[in-house]
Amino acid sequence: MYWTQDEVQAAAELLRSERDPANEDDDERWEARREAGELQERVLSRWRHAAGSLHRAQAVIAHFPWLTDWARPKLWAKEGYLEGLRAQAALFVEPAGLVVAAAVAELGTPSLPADDHAFAVLGNRSRISTGLSLLWRRWQYAAEGGWEGPASRAFKRYDLVEGIRSDKKGHAEALEGAGRLIQSWEDEARAAAAATDPTPTVWVTARLPEDTEEPSRGDARDVLDGLDRWTLGVVVTWTVTADWSRRTLTLKVPTLVADRLLASSSVLSCERGAEAEPAEAVAEAHPGSVRPGVFDDTAVFDRRPVTLAHLRALRNHSYAADQLSIVFSTSGGAEVLSLQAIEKRVEQGWLGVVVAGGSDLPESLLSPWIKEVALTSEADEGPHSGHASAGQDDSFGADLGLAGGAQAAVRWARGERAKEHDLRLLAMARGVPDLRSLDTGRSGVLPVAVREGLLTPGPLDLTPFRAPSTDRRRRGSGLPLGVLGPVQIYATNADPAFEGKGHSPFCRHTRDRGLAQSDDLLSVSDLLARDDWDWCGKCGGYFARRLTDTQLSYYRAAHRLHDIAGQLDGERTYRAPVEPEALRKQLEELADREPGGHENVNWDGRWRWREVVGGLRSRAERHRLDIAP
């Protein structure tokens, strides 16, 4: 505990003591009451947090019942800790105040003295009646909402003269009259409470409200959220047993409190029950419990089809659940899907098994790669521009490839554990045929680091592949696209006939950032085939999927060839000095390259490649002769 029992006891006694008007200006006493109030809220908050922790632990075990024996000692420890906090929190709650609050909730609107001259400062009779009605409602709301004594509500008398200057004639009389009224209501409530038996004799079974909102990643909602202060006081004071996994409590309360709990207006769903019996630390298995063989606890050969109940149990009770999984079905074969995508398919009748998540990937394969990426990222000075001169930079375009993507993921990850987690997800996501199926970014399925590892940091420079023209700025070399042709391009609004600019899915100008099914999927071939899109000038209009090693190698070679063409361009006013021998060696090296690479060696674009290389060789030779002495 963060405080001693004596500290809690002293703070509770101080708060229960009546305020002494003679000591209202005693700074030391005021500070002591303030500190006692802060300790009260800390104890209640810690109790709520412990209840939520036990709820989540019991709920997990209820869905994974084979862990019962292993978990029982740990749950006993959590239950003991929770009970200790409950006992401390109960010291701050006044049981008699809870009964009085229940009585207040049953009080009808009293007769209000609208003709009393003490309230003349409020105006005519109608205004006096309205003011007194409002005072009653505010006092009743405050009195039925907690367990504190009358002193905590005495200040409500000021609500009656709100907006009236304190030096106005009749202000003091109205304030005094409001105090008398509030005192009469307090007396009536205590009398109604005293007329009933304050002894806890009624057994009530109460069910806590279900959490209707799906928690965001890393945000565990409080199991006691939605309970007002009075109900929290009842729960902390009179709970006998609890099945936190099912949000079910057994209470033994006074009659007046039971009547309020059983009323339709109660925030708890309650019914009268029999005397509670000692409960096991772990309840019997829930319907739809996750038995062995659904996830990664058996051989793949013995894996059983996943159901909606399994997926929801995993999502709701496991904060470390993998965002992506390798699944297998007879309809789709082996695929990489997010939990949300799997759930949608199951709802539509899909039948499949979960083969592995990111944490299940072979350590012998992943660990060396992760260490290599981490070391390379530390030694790397940063991303390299994809638009630098290919002839002057050996690392040209490195940030566009798979290795650059892994390094980008490491740079974006927060902490060592996050680095490994994100790289595992990246390795899985690389095999997804269409990244839009992951809904990256918009639904929070994947971390930002994984997104950065999948997509290029900006648009590709396709100048070498454009047709030769008289436009010096956009003059291309007419090189064949080769293996770059099928590279995926993701964009929003890529239809030139649609009004408005096209953006990359993660552009800050778009309403929702991230890839989704509604986005456009193009290829580099599509992009180069037309030039009438209105792209965003900030993001370039699209993101490309990162280039494989073969694609990046060809991209670099094409830019080197285009760079050589630029050096030999006699129309350029400014150009770097040409070294004929160096150009000759570069062209010889590039001449032997297959434009399709290893993935498409028979592609007929090789003839165009060789034609361009041959033309540059002739120009280089003429330039050598021109400058020869």
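It should be emphasised that the depicted structure is a prediction, and the values quoted were computed from it without experimental measurement.
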Partner residues of [X] under the side chain to side chain donor-acceptor pair (under 3.5 Å) criterion, sequence neighbours left out:
| X | value |
| --- | --- |
| Glu188 | none |
| Lys78 | Ser53 |
| Thr231 | Asp228 |
| Asp520 | none |

Is any side-chain heavy atom of [X] closer than 4.5 Å to a side-chain heavy atom of [Y]?
| X | Y | result |
| --- | --- | --- |
| Glu13 | Arg16 | yes |
| Trp412 | Val450 | no |
| Leu515 | Tyr490 | yes |
| Thr250 | Thr239 | no |
| Val234 | Arg260 | no |
| Val448 | Arg451 | yes |
| Trp47 | Val235 | yes |
| Trp350 | Ile342 | yes |

Please list all pairs passing the salt bridge (charged side-chain N to carboxylate O under 4.0 Å, His left out) test where one or both residues lie in residues 166-177, with sequence neighbours left out.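 Qualifying pairs: Arg165-Asp167, Glu176-Arg180.
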
I need the full list of salt bridge (charged side-chain N to carboxylate O under 4.0 Å, His left out) pairs touching residues 150-159, with sequence neighbours left out, sorted by first then second residue. Arg138-Asp159, Arg153-Glu186, Lys156-Asp159

State the [atom1]-[atom2] distance between [X] and [Y], to the nearest 0.5 angstrom.
| X | Y | atom1 | atom2 | answer |
| --- | --- | --- | --- | --- |
| Trp535 | Asn493 | CH2 | CG | 8.0 Å |
| His49 | Ser45 | NE2 | OG | 8.0 Å |
| Leu268 | Leu262 | CG | CG | 10.0 Å |
| Gln40 | Arg33 | CD | CZ | 10.5 Å |
| His171 | Tyr158 | NE2 | OH | 8.0 Å |
| Ser338 | Leu324 | OG | CG | 6.5 Å |

State, to 0.1 Å, how close [X] and [Y] come at their nearest heavy-atom pair, and which atoms those are.
| X | Y | value |
| --- | --- | --- |
| Glu94 | Trp147 | N-CD1, 3.5 Å |
| Pro505 | Thr492 | CA-CG2, 3.9 Å |
| Thr237 | Pro95 | CG2-CG, 4.1 Å |
| Ala36 | Leu15 | O-CD1, 3.7 Å |
| Val93 | Val236 | CG2-CG1, 3.6 Å |
| Ser325 | Leu339 | OG-CD2, 4.5 Å |

Glu41: which of Arg46, Arg229, Arg34 passes salt bridge (charged side-chain N to carboxylate O under 4.0 Å, His left out): Arg229

Strictly distance-based, threshold 3.5 Å: is any side-chain N or O of Ser265 a donor or acceptor partner for the main-chain N or O of Ala263? no

Are any side-chain N or O atoms of Asp519 and backbone N or O atoms of Ala516, one a donor and one an acceptor, separated by less than 3.5 Å? yes

How about [X] and [Y]: does a side-chain donor come under 3.5 Å of a side-chain acceptor?
| X | Y | result |
| --- | --- | --- |
| Gln88 | Trp3 | yes |
| Ser245 | Asp243 | yes |
| Gln9 | Gln5 | no |

Taking side chain to side chain contact (heavy atoms under 4.5 Å, CB included) as the definition, give me every residue that meets it alongside [X], ordered by chain and number, with sequence neighbours left out.
| X | result |
| --- | --- |
| Glu347 | Leu308, Arg312, Glu343 |
| Asp197 | Thr199, Thr201 |
| Lys74 | Trp70 |

Counting only heavy atoms not in Arg207, do more than 12 fall under 6.0 Å of its CZ?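 Enclosed: over 12 neighbouring heavy atoms sit under 6.0 Å from CZ of Arg207.
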
As a quick check of understanding, evaluate salt bridge (Lys or Arg N to Asp or Glu O under 4.0 Å) for Lys501 and Asp534, giving each step before the final call. CA-CA 5 Å; Lys501 288 183 178 295; Asp534 185 16; 3.1 Å; yes

Enumerate donor-acceptor pairs with a distance under 3.5 Å from any side-chain N or O in residues 96-122 to protein atoms, sequence neighbours excluded.
from	atom 1	to	atom 2	distance (Å)
Asp115	OD1	Arg125	NE	2.6
Asp116	OD1	Ala118	N	2.9

Quick one, Leu251 with Val240, criterion side-chain contact (heavy atoms from CB on, under 4.5 Å). Give me CA distance, side-chain angles, the key distance, then yes/no. CA-CA 5 Å; Leu251 312 174; Val240 179; over 6 Å; no

Audit row: Arg127, Asn124, side-chain contact (heavy atoms from CB on, under 4.5 Å) steps and yes/no: CA-CA 5 Å; Arg127 291 191 174 184; Asn124 57 32; 3.4 Å; yes

Residues two or more places apart in sequence or in another chain: which of them pass salt bridge (charged side-chain N to carboxylate O under 4.0 Å, His left out) with Glu83? Arg86

Go through the steps for Phe506 and Leu455 under the test side-chain contact (heavy atoms from CB on, under 4.5 Å), then give the verdict. CA-CA 10 Å; Phe506 300 97; Leu455 299 167; 3.3 Å; yes

Is NZ or CZ of Arg56 both nearer than 6.0 Å to the six-membered ring centre of Trp244 and within 45° of the ring axis? no

Kindly determine whether Val202 and Trp238 satisfy side-chain contact (heavy atoms from CB on, under 4.5 Å), including the steps that lead there. CA-CA 11 Å; Val202 182; Trp238 288 307; over 6 Å; no

Among pairs that include at least one residue of residues 82-111, which meet ring pair (Phe, Tyr, Trp, His ring centres under 6.0 Å), considering only residues two or more places apart or in two chains? none

Using the ring of each side chain (for Trp, its six-membered ring), is Trp139 parallel, tilted or perpendicular to Trp185, with breaks at 30° and 60°? tilted

